[in-house]
**Q** 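I am attaching a structure below and will ask some questions about it afterwards.
Both ligands and their constituent atoms are indexed starting at 1 by order of listing. Remember, predicted model here, so these are calculated numbers, not experimental data.
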Amino acid sequence: MKIDFLNLKLANARYEDEIRSAVGRVIDSGRYVLGEETLAFEREFAAYCGVEHCIGVANGLDALHLILRAYGIGPGDEVIVPSNTFIATWLAVSQAGARIVPVEPDPKTCNLDPQRVEAAITPRTRAIMPVHLYGQPADMDPINAIARKHGLRVIEDAAQAHGARYRGRRAGSLGDAAGFSFYPGKNLGALGDGGAVTTNDPELAATLRKLRNYGSEVKYRHDLAGVNSRLDEMQSAVLRVKLRYLDEDNARRAALAGAYAEALAKAPLQLPVALPHVGPVWHLFVIQTPHRDALQAHLTERGIGTLVHYPIASHHQRAYANETWPDLPIATRLQSEVLSLPFATYLQAEHVHTVAQAVMDYFGGVSGP
Ligand SMILES: *Cc1c(COP(=O)(O)O)cnc(C)c1O
């Protein structure tokens, strides 16, 4: 049995009829940018996340970058980010012109370790940008407490965590503002690029509505030197369809993660670890093993697709080679030990069994129940 890491056509097949009619509705409307669909999606996604405001933008990177800009964070300022994340978290800070201050994760959850944050704060620190990596919320209570104590903003990178919960509250409502991505492979994925900011801060929301649209809210009147970063009507219409299925999809992911965990319980590897008070949405199912490369080759040979999130930590990327970074041994180890198993809402118990069996075979054992 060949099992892809993720087949997006298959993943979207469940909603195909509804998506086609939503797209048809947009074509017929004659309005393709900043119209009714985007307004409706913003309203619906804000309600879903449990916040007052949602501002659609062109992608997740812009969402994060524009939040920083709207808060006036730029040259001379520092922003604390996790050492292991998708590079967009770092790029958002670079684009704002601020300095990246990487902090190491808890090696089990792979999320920003709150105990390491305070030591990284300087008089120039303006914000902490925790990432809800792999769909698990970062430990937000201690992070928010540190931020309050030092007068810092907390900006969630929620690009992998649509619907995730922390003490009952949803990602997107856990800091001052959050950036989401609707890249096709995310838990809530468009059929192209898309992103959004969620916040309860009315001033920030008003600034972002201008920033994303040439600094303008009234046509041809420009209050800010903004950018063009809008979520379009087509993608908004698609996202409105898929938002209605998000909780159901996330429940499937949770069931799948449970099945993987059970089948791999006896494997000599590190399974994903979730904090007791979080509800992860399992964007990815990431195992850790020092035998990562050999295990990946073994799975590839058997037709099982895997990916590595991420094979080169941001501080090792050529893009950041001209800057000096502290030693980041956890991020450095994770880049060579993490492996993401096939994970998609259409996978069935038999797929999990096949993958788990192949993993167990590599380690010379039998898979669990
Ligand atoms: C996908 C992603 C982003 C960027 O989103 P884009 O829409 O691709 O720009 C940012 N941060 C994390 C953690 C992501 O996974």
**Q** Taking the six-membered ring for Trp and the full ring for Phe, Tyr or His, determine whether the centres of Y134 and W282 are under 6.0 Å apart.
**A**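 Ring centroids of Y134 and W282 are no less than 6.0 Å from each other.
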**Q** Out of A159, A92, A58, whose heavy atom sits nearest atom 12 (C) of ligand 1?
**A**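 Looking at heavy atoms only, the winner is A159.
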**Q** Checking S236 side chain against D232 main chain: does a donor-acceptor pair fall under 3.5 Å?
**A**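 Checked: pair present.
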**Q** Any idea which atoms of ligand 1 are less than 4.0 Å away from a heavy-atom of N59?
**A**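 This gives 7 (O), 9 (O) as the contact atoms.
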**Q** For atom 10 (C) of ligand 1, what is the nearest protein heavy atom, given as residue, atom name and distance?
**A**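 Residue, atom and distance for the closest contact: A88 CB, 3.4 Å.
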**Q** Mind checking whether S181 has an N or O less than 3.5 Å away from an N or O of ligand 1?
**A**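 Yes, there is a polar N/O contact under 3.5 Å.
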**Q** Out of L91, D157, V57, whose heavy atom sits nearest atom 13 (C) of ligand 1?
**A**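 Considering heavy atoms of L91, D157, V57, the nearest to atom 13 (C) of ligand 1 sits in D157.
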**Q** Which atoms of ligand 1 are found less than 4.0 Å from any heavy atom of V131?
**A**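 Listed by number with element, the hits are 13 (C).
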**Q** Y362 and H298: aromatic ring centres closer than 6.0 Å?
**A**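 Ring centres of H298 and Y362 closer than 6.0 Å.
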**Q** If you compare all heavy atoms of A261 against all heavy atoms of L271, which two are closest, and at what distance to 0.1 Å?
**A**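 That would be O-CD1, 3.8 Å.
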**Q** Quick check: K186 and ligand 1, any N/O pair under 3.5 Å apart?
**A**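 N/O-N/O distance under 3.5 Å: yes.
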**Q** Side chains of R170 and Y48: is there a donor and an acceptor less than 3.5 Å apart?
**A**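 Their side chains do contain a donor-acceptor pair, which is all the 3.5 Å distance test asks for.
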**Q** Compute whether any side-chain donor of one residue and acceptor of the other, for D361 and Q357, lie under 3.5 angstrom apart.
**A**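 Yes, Q357 and D361 have a side-chain donor paired with an acceptor closer than 3.5 Å.
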**Q** Please determine if L61 has a nitrogen or oxygen closer than 3.5 Å to a nitrogen or oxygen of ligand 1.
**A**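 There is such a contact, yes.
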